[in-house]
Chemist: 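Below you will find the structure I want to go over with you.
We're numbering straight along the sequence, starting at 1.
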Amino acid sequence: IAPMIDGHVEGIAVSCFEEVECLKDLNIQTPIIFTSAHITTALCETLSRWSVGFVIHDICHIQVLLEAKLAANTSVWLKVNTGMNRLGIAPTQVKAALSRLKTIPEITSVVLMTHCAMAEFPAHAQTQRQRLAFESIASSYQGESSFSNSAGIWTLNDVKHDWVRPGLSLYGVLRPI
């Protein structure tokens, strides 16, 4: 699918390093975002050198970045746990995390993101809690942000952020009827 969408989307997110290598081998020009929660100093250095953005899922990942020799213009995505409780930093840690990331001169872009657990049900209390939690953080943030996954794209039309992430939708998974 990557060769077909190359140049027609703003970014391609992948979850394993082998996928990054494959996209690089295909000479994909669209920015790549590596979403795995398992990062090391060496991996961050390689991704940075290849101009691949990556997701920070845990506050301890920032120490990994501080120890890495990153290339200029490194892009990171800071995942905020707004209630799905799978991955991401706590909302109370966002300001400190952003402050620490600002001390790394090679990082020129930080996109705030979250993952909505029940976006296919926009009125569900969990969806509303996550939405309010993320909005309270993103509204005062000067950079880009992303709330909607595939289900959110279909059901949360009034949510306005800079990025959407249509992962499953690319493979034909549609919203529930």
Side-chain angles (χ1 to χ4, degrees), residues 1-90 93-94 97 100-101 104 106-120 130 134 143-154 161-175:
I1 192 170
M4 292 186 296
I5 63 173
D6 190 24
H8 301 286
V9 295
E10 299 293 325
I12 299 173
V14 297
S15 60
C16 68
F17 186 70
E18 293 77 16
E19 292 171 311
V20 173
E21 290 178 310
C22 181
L23 292 173
K24 286 301 191 181
D25 288 346
L26 290 170
N27 199 32
I28 297 299
Q29 298 302 302
T30 299
I32 302 165
I33 302 100
F34 182 67
T35 64
S36 176
H38 304 288
I39 64 168
T40 65
T41 301
L43 178 60
C44 289
E45 289 171 353
T46 299
L47 294 171
S48 175
R49 192 172 55 254
W50 290 356
S51 299
V52 174
F54 44 92
V55 178
I56 303 302
H57 296 272
D58 191 293
I59 200 78
C60 70
H61 290 163
I62 296 173
Q63 187 59 41
V64 172
L65 294 177
L66 288 165
E67 295 168 5
K69 291 177 176 57
L70 301 174
N73 299 316
T74 296
S75 173
V76 299
W77 292 58
L78 184 62
K79 188 167 192 174
V80 182
N81 178 10
T82 56
M84 187 166 178
N85 298 321
R86 186 171 63 185
L87 293 168
I89 68 167
Q93 296 176 314
V94 171
R100 289 185 73 197
L101 289 169
I104 306 171
E106 295 82 8
I107 296 176
T108 55
S109 170
V110 179
V111 179
L112 286 182
M113 68 176 289
T114 193
H115 196 86
C116 194
M118 309 230 359
E120 61 271 24
Q130 285 192 263
F134 192 70
E144 295 180 332
S145 60
S146 175
F147 182 83
S148 293
N149 54 9
S150 288
I153 293 167
W154 291 104
H161 288 279
D162 304 290
W163 290 83
V164 293
R165 302 181 320 276
L168 289 174
S169 293
L170 294 175
Y171 299 95
V173 177
L174 301 175
R175 71 181 212 172

Chemist: Please set out all donor-acceptor pairs under 3.5 angstrom arising from side-chain atoms of residues 60-71, sequence neighbours excluded.
Modeler:
unit_1	atom_1	unit_2	atom_2	d
His61	ND1	His57	N	3.1
His61	ND1	Asp58	N	3.4
His61	NE2	Ala37	O	3.2
Gln63	OE1	Arg100	NH2	3.0
Gln63	NE2	Glu67	OE2	3.1

Chemist: Report the C-alpha distance between Phe54 and Leu43 in whole Å, list the side-chain angles of each, state the deciding distance to 0.1 Å, and finish with yes or no for side chain to side chain contact (heavy atoms under 4.5 Å, CB included).
Modeler: CA-CA 10 Å; Phe54 44 92; Leu43 178 60; over 6 Å; no

Chemist: Report yes if the side chains of Ile56 and Ile39 come closer than 4.5 Å at any heavy-atom pair, otherwise no.
Modeler: yes

Chemist: On a heavy-atom basis, which atom in His115 and which in Gln130 lie closest, and how many Å separate them?
Modeler: O-NE2, 2.9 Å

Chemist: Using the test side chain to side chain contact (heavy atoms under 4.5 Å, CB included), find all partners of Ala90 that sit at least two apart in sequence or belong to another chain.
Modeler: Thr92, Gln93

Chemist: For the residue pair Gly83 and Asn81, what are the closest heavy atoms and their distance?
Modeler: N-OD1, 3.0 Å

Chemist: Just grab all the side-chain hydrogen bond (donor to acceptor under 3.5 Å, both in side chains) pairs involving residues 71-80, residues at least two apart or on different chains.
Modeler: Ser48-Thr74

Chemist: List the atom pairs, with distances to 0.1 Å, where a side-chain N or O of residues 15-24 and a protein N or O form a donor-acceptor pair under 3.5 Å, not counting sequence neighbours.
Modeler:
unit_1	atom_1	unit_2	atom_2	d
Glu19	OE1	Ser15	N	2.9
Glu19	OE1	Cys16	N	3.0
Lys24	NZ	Trp50	O	2.9

Chemist: Can you name the side chain to side chain donor-acceptor pair (under 3.5 Å) partners of Glu106, sequence neighbours left out?
Modeler: none

Chemist: If you round to the nearest 0.5 Å, how far is CG of Leu47 from OG1 of Thr40?
Modeler: 8.5 Å

Chemist: Show every donor-acceptor pair shorter than 3.5 Å between a side-chain atom in residues 25-33 and any protein atom, with sequence neighbours excluded, or say none if there are none.
Modeler:
unit_1	atom_1	unit_2	atom_2	d
Asn27	OD1	Gln29	NE2	2.9
Gln29	NE2	Asn27	O	2.9
Thr30	OG1	Asp6	OD1	2.6
Thr30	OG1	Gly7	N	2.8

Chemist: Is it the case that the side chain of Ser146 and the backbone of Met113 share a donor-acceptor pair, with hydrogens and angles ignored and the cut-off at 3.5 Å?
Modeler: no

Chemist: To the nearest 0.5 Å, what is the distance between CG (Leu87) and OG1 (Thr114)?
Modeler: 10.5 Å

